[in-house]
Amino acid sequence: MSSNYGITPQGENFSEWYNELVVKAELADHSAVRGCMVIKPHGYAIWELMQRALDDMFKETGHVNAYFPLLIPKSFFEKEADHVDGFAKECAVVTHHRLKATPDGKGLMPDPDAKLTEEYIIRPTSETIIWNTYKNWIQSYRDLPLLINQWANVMRWEMRTRMFLRTAEFLWQEGHTAHATYEEAETESLTILHECYGKFAEEWMAVPVIKGVKSEGEKFAGADHTYTIEAMTQDLRAIQAGTSHHLGQSFAKAFDVTFQSAEGKLEHVYATSWGVSTRLIGTLIMAHSDDKGLVCPPKLAPVQVVFIPMGRGEVWDVTVAKAKELAAELKARGVRVKVDDRTKEGPGFKAKDWDLKGACVRVDVGGRELEAGELGVARRDSEEKLLVPVDQIVDRCASLLSEIQANLYAKALAFREANTVRVDTWDEFLARFDGEGGGGFVLAHWDGTQETEDKISEATKATIRCIPLEPLHPDDVVEGTCVFSGKPSKQRVIFAKAY
RNA sequence: CGGGAUGUGGCUCAGCUUGGUAGAGCGCCGUGUUCGGAACGCGGAGGUCGCAGGUUCAAAUCCUGUCAUCCCGACCA
């Protein structure tokens, strides 16, 4: 798109649409640092709203926040073999603690005399530093469960990055818990999945998700098993929006974290870890937004209602005053409002601008309408515009917000259902994922082997997103035969091309 | 890391083939007329052409290297 206005339509090039939207809606910008973005105020506002809602849920389920170091001694990483394999290839390493002038005096270089005896890894995730710490915190069954969450940044040196979806540095939360029994840890990982992540995705983001367990090939490095919430994007791909891992005793054993039980026996603890990241913002965009720009569910919209005063001179003074008055009333009800009283831009410009930035409801405060006693109210989620009597504006805006929240979820759910199919033959399976783009969710039988999973992925680029915890349809758990190998299968699993 | 493309005022790009004093539109600043879905006039500011070498009297332009970004693969929240 060569124009400064507008963005590439989704249908033309989804990827370009996404990249342009992120920048033009002022959510984020590329930075001088490879793979790292600058999250701009409008984008960060969404993250803050997400943080607040999630943090409340974590607290509600008994967790507390703490903070652990950004740098992790390299040796910690060597202690859990699977974990090393999973992350070693994408670690940034700190090797020196001082700079000195280069011989030519023009630049700086790491001072060879300041080489660290043990190098540090910039955390790609904090299991190792946390479990090294927990070792000192846990002695007795009375110290359990230990339920801690951390809000932090992490770094993974990814080959290819995309703003919000995969950046080298990203913001997230990571929960790390310790339990006396396998069952209790299992309950914990499922509680997070259901009470926090699933609920947040559906009730706050208005994004329906499928909760399931990852196959061996897709699970977290070092986990016993991994639970996930999987969402569908508008280009028919799957996006992993959050994961909750039951780590078993692997980290407890690697870091020798034991406790004495009530019976006096020394046992290793059971662990979970779970996280969601700024990728949620990417998920949000890909699930709801359109060719006009960002569509934000009201619960996470930085600006829920925007007022556009119109007219010039005395009329302008009147419309601005009225807009501010109405905005104040709405604000008193806890609605996030904005009066766009910029004088340089016209109302047409402002309407487009707020469509782009994802204001949920726009109220045009015009002189003529004000005299007639009715104002134009436009919904961002639909094309719908309505006339609302001035004295009902506040009530109507408030009710519209919950209608929009519900509508966005319903729309996304209908979209996912329309693009979820059950496939029983290999030819049909191949056809579904042929070519570029997604292919939606395909529910197919799978023989449960890694080998088959790999071969399917190789042939189609589609991977097993999860094995649903609850079947989407009762027939999905009726036995069948693997779509690839023809071997017996207990249930259908979800295949999709993933972000 | 493999294949492809691109780096020129804040943004989108032209100029490069055939070396010779850096351009346009948008944006920005000032000003006036405008203001109901991206208004217009006039006057301005702003770039050692990604970076480092090399060739040359002379490099945005030619050569080498390097870095970054985007697209396609492998990897991944």
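In what follows, every chain begins at residue 1, and chains take the letters A, B, ... in the order their sequences are listed.
Note: A/Phe200 and A/Trp204 have parallel aromatic rings, judged against thresholds of 30 and 60 degrees for the angle between ring planes. In this pair, A/Trp274 and A/Phe58 present their aromatic rings tilted. The plane angle is within the 30 to 60° band.
Across B/U8 and B/U61, the matching C1' atoms stand 11 Å from one another, rounded to whole Å. Using atom C1' as the reference point in both B/A68 and B/G25, the two lie 26 Å apart (nearest Å). Rounded to whole Å, the P atom of B/U12 lies 32 Å from the corresponding atom of B/C75. On the P atoms, B/U6 is 12 Å away from B/C62, given to the nearest whole Å. Rounded to the nearest Å, the gap between the C1' atom of B/A14 and that of B/G9 is 14 Å. For the P atoms, the distance linking B/G41 with B/G47 amounts to 25 Å, nearest Å.
Between the side chains of A/Thr228 and A/Glu230, at least one donor N or O lies within less than 3.5 Å of an accepting N or O. Using a 3.5 Å distance cut-off with no hydrogens or angles, the side chains of A/Glu169 and A/Thr167 do not pair a donor with an acceptor. Remark: the A/Glu78 side chain and the A/His83 side chain contain no N/O donor-acceptor pair separated by less than 3.5 Å. Counted by atom type alone, A/Thr125 and A/Arg123 present zero donor-acceptor pairs between their side chains at under 3.5 Å. Residues A/Asp235 and A/Thr233 bring a donor and an acceptor atom of their side chains to less than 3.5 Å of each other. Checked by atom type, the side-chain pair A/His63/A/Glu188 shows a donor-acceptor distance below 3.5 Å.
Among the atoms of the strands shown, none is found under 4.0 Å from any heavy atom of A/Thr319. Within 4.0 Å (heavy atoms only), A/Gly35 reaches sugar-phosphate atoms of the nucleic acid but no base atom. Looking at heavy-atom distances under 4.0 Å, A/Ser15 makes contact with sugar-phosphate atoms alone, never a base. Base contact: A/Arg156 has a heavy atom under 4.0 Å from a base atom.
Checking B/A77, B/C70, B/G73 against the side-chain heavy atoms of A/Thr161 singles out B/C70 as nearest. Set against B/A68, B/G36, B/A77, the side chain of A/Pro347 has B/G36 as its closest nucleotide. Minimum atom distance to the side chain of A/Lys352 is reached by B/G37, of the listed B/G37, B/C71, B/A77.
Rounded to an integer number of Å, the gap from CE of A/Met310 to P of B/A38 is 12 Å. Taking atom CZ of A/Arg380 as the reference point, atom P of B/G37 lies 17 Å away to the nearest angstrom. Between A/Lys344 atom NZ and B/U33 atom P the separation is 16 Å, expressed in whole Å. Rounded to whole Å, atom C1' of B/C75 lies 14 Å from atom CG of A/Asp454. Going from atom CZ of A/Phe349 over to atom C1' of B/U34 covers 16 Å, rounded to whole Å. The CZ-C1' distance, from A/Arg162 to B/G73, rounds to 15 Å in whole Å. For A/Lys350 and B/U34, the NZ to C1' distance is 13 Å, given to the nearest whole Å. As rounded to whole Å, 12 Å separates atom P of B/G36 from atom CD1 of A/Ile308.
Residues from residues 353-377 of chain A lying near RNA chain B, meaning a heavy-atom separation below 4.0 Å, are A/Asp355, A/Arg362, A/Gly366, A/Gly367, A/Arg368, A/Glu369 in numerical order. Residues from residues 276-283 of chain A that place a heavy atom under 4.0 Å from any atom of RNA chain B, listed by number: A/Ser277, A/Arg279. Within residues 217-246 of chain A, the residues approached by RNA chain B to less than 4.0 Å at the level of any non-hydrogen atom are A/Gln240, in residue-number order.
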Side chain to side chain donor-acceptor pair (under 3.5 Å) between A/Asn149 and A/Gln173, intermediate numbers included: CA-CA 7 Å; A/Asn149 175 62; A/Gln173 59 70 216; 2.7 Å; yes
Would you check, one step at a time, whether the test side chain to side chain donor-acceptor pair (under 3.5 Å) holds for A/Thr272 with A/Thr177? CA-CA 5 Å; A/Thr272 79; A/Thr177 69; 2.5 Å; yes
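When each of A/Ala498 and A/Met163 is assigned the nucleotide of RNA chain B with its nearest heavy atom, A/Met163 is the one assigned upstream, toward the 5' end. Closest-nucleotide positions on RNA chain B for A/Gly311 and A/Arg465 were compared, and the one nearer the 5' end corresponds to A/Gly311.
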B/S/- along nucleotides 1-8 of chain B (protein heavy atoms under 4.0 Å) is B-------
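Taking 4.5 Å as the limit, every side-chain heavy atom of A/Val38 sits out of range of all side-chain heavy atoms of A/His30.
Paired with A/Thr226 under the rule side chain to side chain donor-acceptor pair (under 3.5 Å), one option of A/His246, A/His245, A/Glu216, A/Gln240 passes, and it is A/His245. The residue from A/Asp55, A/Thr61, A/Asp56 that alone fulfils the side chain to side chain donor-acceptor pair (under 3.5 Å) condition with A/Lys59 is A/Asp55. Of the candidates A/Phe429, A/Trp446, A/Phe484, A/Phe441, A/Phe429 is the only one forming a ring pair (Phe, Tyr, Trp, His ring centres under 6.0 Å) with A/Phe495. Test A/Ile308, A/Val305, A/Leu294 against A/Trp354 for side chain to side chain contact (heavy atoms under 4.5 Å, CB included) and you get one pass: A/Ile308.
Note: A/Tyr120 and A/Phe76 fail the aromatic proximity criterion, with ring centroids not under 6.0 Å apart. Taking the six-membered ring for Trp, A/Tyr44 and A/His42 have ring centres at least 6.0 Å apart.
The shortest distance between the side-chain N/O atoms of A/Lys89 and the OP1/OP2 oxygens of B/A74 is not below 4.0 Å. Considering only side-chain N and O atoms, A/Asn19 lies under 4.0 angstrom from the phosphate OP1 or OP2 of B/C71.
Base pairing in RNA chain B yields stems of at least 3 consecutive Watson-Crick or G-U pairs, both distances under 3.5 Å, namely B:1-7 with B:67-73, B:10-13 with B:23-26, B:28-33 with B:39-44, B:50-54 with B:62-66.
Donor-acceptor pairing under 3.5 Å, judged by distance alone, is present between the side chain of A/Lys385 and the base of B/G37.
Partners of A/Lys79 by side-chain contact (heavy atoms from CB on, under 4.5 Å), not counting sequence neighbours, listed by chain and number: A/Ala254, A/Phe255.
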